[in-house]
**Q** 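Before I ask anything, let me first share the structure, which is written out below as structure tokens.
Given the structure is predicted, the values throughout are model-derived calculations rather than measurements. Numbering of ligands and ligand atoms starts at 1, following listing order.
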Amino acid sequence: MCGIIGYVGAQQASPILLNGLSKLEYRGYDSAGIAVYDGQALNVKKAKGRLKNLIDITKNGSEPTGTIGIGHTRWSTHGRPSDINSHPQTSGTGNVAVVHNGIIENYMELKEFLISTGVKFISETDTEVVAHLFEYYYDGDLLSTMQKVMERVDGSYALGILCKYHPDTIIAVRKESPLIIGLGNGENFIASDVAGILNYTRDIYYIDDKEIAIVKSGSVEIFDMYSRKIEKEIFHVDWDIEAAEKGGYEHFMFKEIMEQPKAVLNAISPRIKDGRISLDISLSPDELRGFDKLYIVGCGSAYHVGMVAKYIYEDMLRIPTVVQLASEFRYSNPIIDKRTLVIVISQSGETADSLAALREAKRLGATIVSIVNVVGSSIAKESDHVLYTWAGPEIAVATTKAYSTQLACIYMFALFMADSLGKISEEEYIAFIHALLKLPEDLKTVLELKEVTQKLASYYFNAKHIFFIGRNIDYAISLEGSLKLKEISYTASEAYAAGELKHGTISLIEEGSPVVALMTTEKLFDKMLSNIKEVKARGASVIAVTLDNARDISDEVDHVIKIPYIHPMMEASLAIVPLQFFSYYVASMRGCDIDKPRNLAKSVTVE
Ligand code: AGP
């Protein structure tokens with residue numbers, strides 16, 4: 001979603017802002033802008049469309065001149081993408097400029113109030129009210145003005161504000177939307193995401209909800225709503241900027257698919273010691289015995305990981321496990337209490353719906369374990385226990401390595417619980433550990449399927465509609481394969497539990513309809529074959545994904561993709577890889593913007 005950057009120091013701000021915005025492009029956006037104080041006025045440049053348009057109108061960052069500024073990439077919520085609706089938004093006098101991530105929920109009421117005082121609005125955005133309110137409440141002191149504004153606005157926000165009356169200061173504040181301060185030498189930064197400032201500094205402060213940062217070139221002061229000063233610890237970012245670069249690959253998505261063996265190794269190897277799972281989670285066997293229900297929440301692919309987890313946890317632990325979309329959870333009056341363990345899964349750790357679900361579950365008394373990639377993110381901070389996926393930065397909008405490392409964490413947590421609760425025999429435990437240790441190597445083997453899947457993509461990239469079917473864990477994989485294809489190649493696709501087809505969806509199958517059939521659940525192989533016959537009888541072209549030790553079915557289907565046998569509960573990790581490649585190549589052949597698909601954002605920080 002939207003990205004924020006800000007700079008104050010001795011260098012020209014515009015090139016630094018543009019560079020920062022280029023590193024935030026991956027989040028998804030439809031317009032971009034900057035405001036720089038040039039010694040006399042706040043000079044605003046903004047443009048609809050790709051960052052290139054802003055680079056053009058700023059003559060490659062050579063104007064506006066000035067050493068303090070803020071910048072933004074906007075992903076529209078209120079008001080269509082346009083030059084006027086782009087940020088920064090300014091007050092009527094042009095003396096206050098604001099960049100904003102999030103949604104001001106009561107903006108209509110504030111707008112009416114401001115109009116009644118004579119303010120004229122020029123954009124359709126919710127953000128513009130913040131600029132006008134700031135000007136309205138301005139009392140000569142940035143901190144107290146900001147507090148007054150915050151008392152009036154409801155919703156979620158990360159804000160970067162420049163005020164002409166204080167030309168050496170950026171004000172930064174957040175509520176339910178991420179914001180960090182980058183600490184430099186004689187210069188400081190604000191950003192919505194570490195990637196935006198990593199070219200300049202690795203030392204950062206994480207700003208918490210309702211904290212206000214007063215950022216100057218030589219100082220950063222942080223206050224709460226009552227003007228009490230807050231001391232922050234400096235967090236040192238240890239990943240390299242190269243990790244957030246393409247490293248010779250054409251797309252981040254491809255790079256991230258190829259990084260999966262290493263990412264999964266990073267997630268697993270420090271957590272297996274002397275053949276036993278050792279998690280950085282302090283839940284005792286007694287505490288674990290106290291849970292009579294598991295709830296798993298997440299959005300999109302994280303939810304699909306939860307679907308895989310449900311099959312594993314119910315089978316292995318015999319504990320009822322509910323998987324729910326985070327956006328549904330918060331309004332479903334969930335049956336949760338202190339005997340419920342809630343697992344929140346999120347790559348970014350900032351997804352608004354997942355964060356809201358976490359808070360609701362906590363309020364109801366549940367214990368929260370989160371599986372998160374971004375260190376220090378809101379979900380990680382607000383959970384009782386965190387399992388970091390350690391996948392490194394994931395830039396492509398379509399998740400691949402984060403999905404795989406989330407699965408790895410799900411397996412390890414299953415084993416940790418099963419062992420603590422005495423629900424697994426030593427023999428089964430050893431077999432599972434063995435499979436976990438083997439997983440990175442097996443992932444390398446499935447990466448070799450890229451040519452095969454590229455060829456398949458060349459047969460089907462023009463298909464209007466592609467179906468994915470499977471049963472049990474294979475159904476969960478189907479959902480993820482179908483989502484990957486939809487989001488990056490814009491191909492209409494549906495994933496169905498194979499046994500459910502004949503209850504309606506099979507009417508969509510016609511001559512030549514491509515159907516990807518997942519057949520890695522050994523016990524359901526024959527059932528799947530029956531479903532394949534049903535669609536074949538109606539003219540479908542079937543691509544089957546089977547285990548390499550499975551019965552040969554090449555006479556029954558059009559194409560077979562074989563993946564190594566690993567462990568009945570862990571096949572999702574291998575089966576998803578050819579589907580990732582397939583989506584990637586279909587999207588590439590259809591000429592899509594693979595890393596930044598239309599209308600999508602990497603981190604969905606609004607409801
Ligand atoms: C997956 O490819 C998606 N882009 C999307 O579904 C994503 O998984 C979802 O938005 C959840 O994001 P999170 O993991 O950062 O919470």
**Q** Can a salt bridge be assigned to the pair K455 and E451 using a cut-off of 4.0 Å between side-chain N and carboxylate O?
**A**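 No salt bridge links K455 with E451.
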**Q** Please list, in number order, the atoms of ligand 1 under 4.0 Å from a heavy atom of A398.
**A**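 With A398 as reference, the close atoms of ligand 1 come out as 2 (O).
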**Q** Would you mind running through ligand 1 and noting each atom that sits below 4.0 Å from a heavy atom of S348?
**A**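 Answer, ordered by atom number: 13 (P), 15 (O), 16 (O).
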**Q** Which one of L483, I379, V397 has a non-hydrogen atom at the shortest distance from atom 4 (N) of ligand 1?
**A**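 Nearest option to atom 4 (N) of ligand 1, by heavy atoms: V397.
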**Q** Of A396, S301, G298, which has the heavy atom at the shortest distance from atom 8 (O) of ligand 1?
**A**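 Residue with the shortest heavy-atom distance to the ligand atom: S301.
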**Q** Applying a heavy-atom cut-off of 4.0 Å, say which part of E350 lies close to ligand 1: side chain, backbone, both or neither.
**A**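 It is neither; nothing of E350 touches ligand 1.
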**Q** Which residue holds the protein heavy atom closest to atom 2 (O) of ligand 1, what is that atom called, and what is the gap in Å?
**A**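 Closest protein heavy atom to atom 2 (O) of ligand 1: E487 OE2, 2.4 Å.
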**Q** Do D30 and R80 meet the salt-bridge criterion of a basic N to acidic O distance under 4.0 Å?
**A**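 No salt bridge links R80 with D30.
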**Q** What is the closest protein heavy atom to atom 9 (C) of ligand 1, and at what distance does it sit?
**A**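 For atom 9 (C) of ligand 1, the nearest protein heavy atom is C299 O, 3.5 Å.
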**Q** Does the distance from a Lys or Arg side-chain N to an Asp or Glu carboxylate O, for D593 and R598, drop under 4.0 Å?
**A**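 Between R598 and D593 there is no salt bridge, as every charged N stays at least 4.0 Å from the carboxylate O atoms.
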**Q** Please work out whether the ring planes of Y295 and F329 are parallel, tilted or perpendicular, with thresholds of 30° and 60°.
**A**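 Perpendicular, since the angle between the ring planes exceeds 60°.
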**Q** Select the closest option to atom 16 (O) of ligand 1 among T389, L600, T351, judged by heavy-atom distance.
**A**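 Considering heavy atoms of T389, L600, T351, the nearest to atom 16 (O) of ligand 1 sits in T351.
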**Q** Identify the closest protein heavy atom to atom 10 (O) of ligand 1: which residue and atom is it, and at what distance?
**A**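 Looking only at protein heavy atoms, the one closest to atom 10 (O) of ligand 1 is V604 CG2, 4.2 Å.
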**Q** Just which atoms of ligand 1 are under 4.0 Å from any heavy atom in G300?
**A**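 Checking each atom against G300, I get 6 (O).
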**Q** Using a strict 4.0 Å threshold on nitrogen-to-oxygen distance, state whether K232 and D208 make a salt bridge.
**A**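 Between D208 and K232 there is a salt bridge, with a charged N closer than 4.0 Å to a carboxylate O.
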**Q** Do R271 and W390 come within less than 4.5 Å of each other through their side chains, counting heavy atoms only?
**A**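 Counting from C-beta outward, R271 and W390 do come under 4.5 Å.
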**Q** Below 4.5 Å, heavy atoms only, C-beta onward: do V586 and I488 meet side chain to side chain?
**A**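 They are not in contact (no side-chain heavy atoms under 4.5 Å apart), so the answer is no.
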**Q** Honestly, is R50 close enough over Y29, meaning NZ or CZ under 6.0 Å from the six-membered ring centre and within 45° of the axis?
**A**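 Geometry flag: set, cation within 6.0 Å and 45°.
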**Q** Which of the numbered atoms in ligand 1 are under 4.0 angstrom from any heavy atom belonging to Q347?
**A**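 Selected atoms, number and element: 13 (P), 14 (O), 15 (O), 16 (O).
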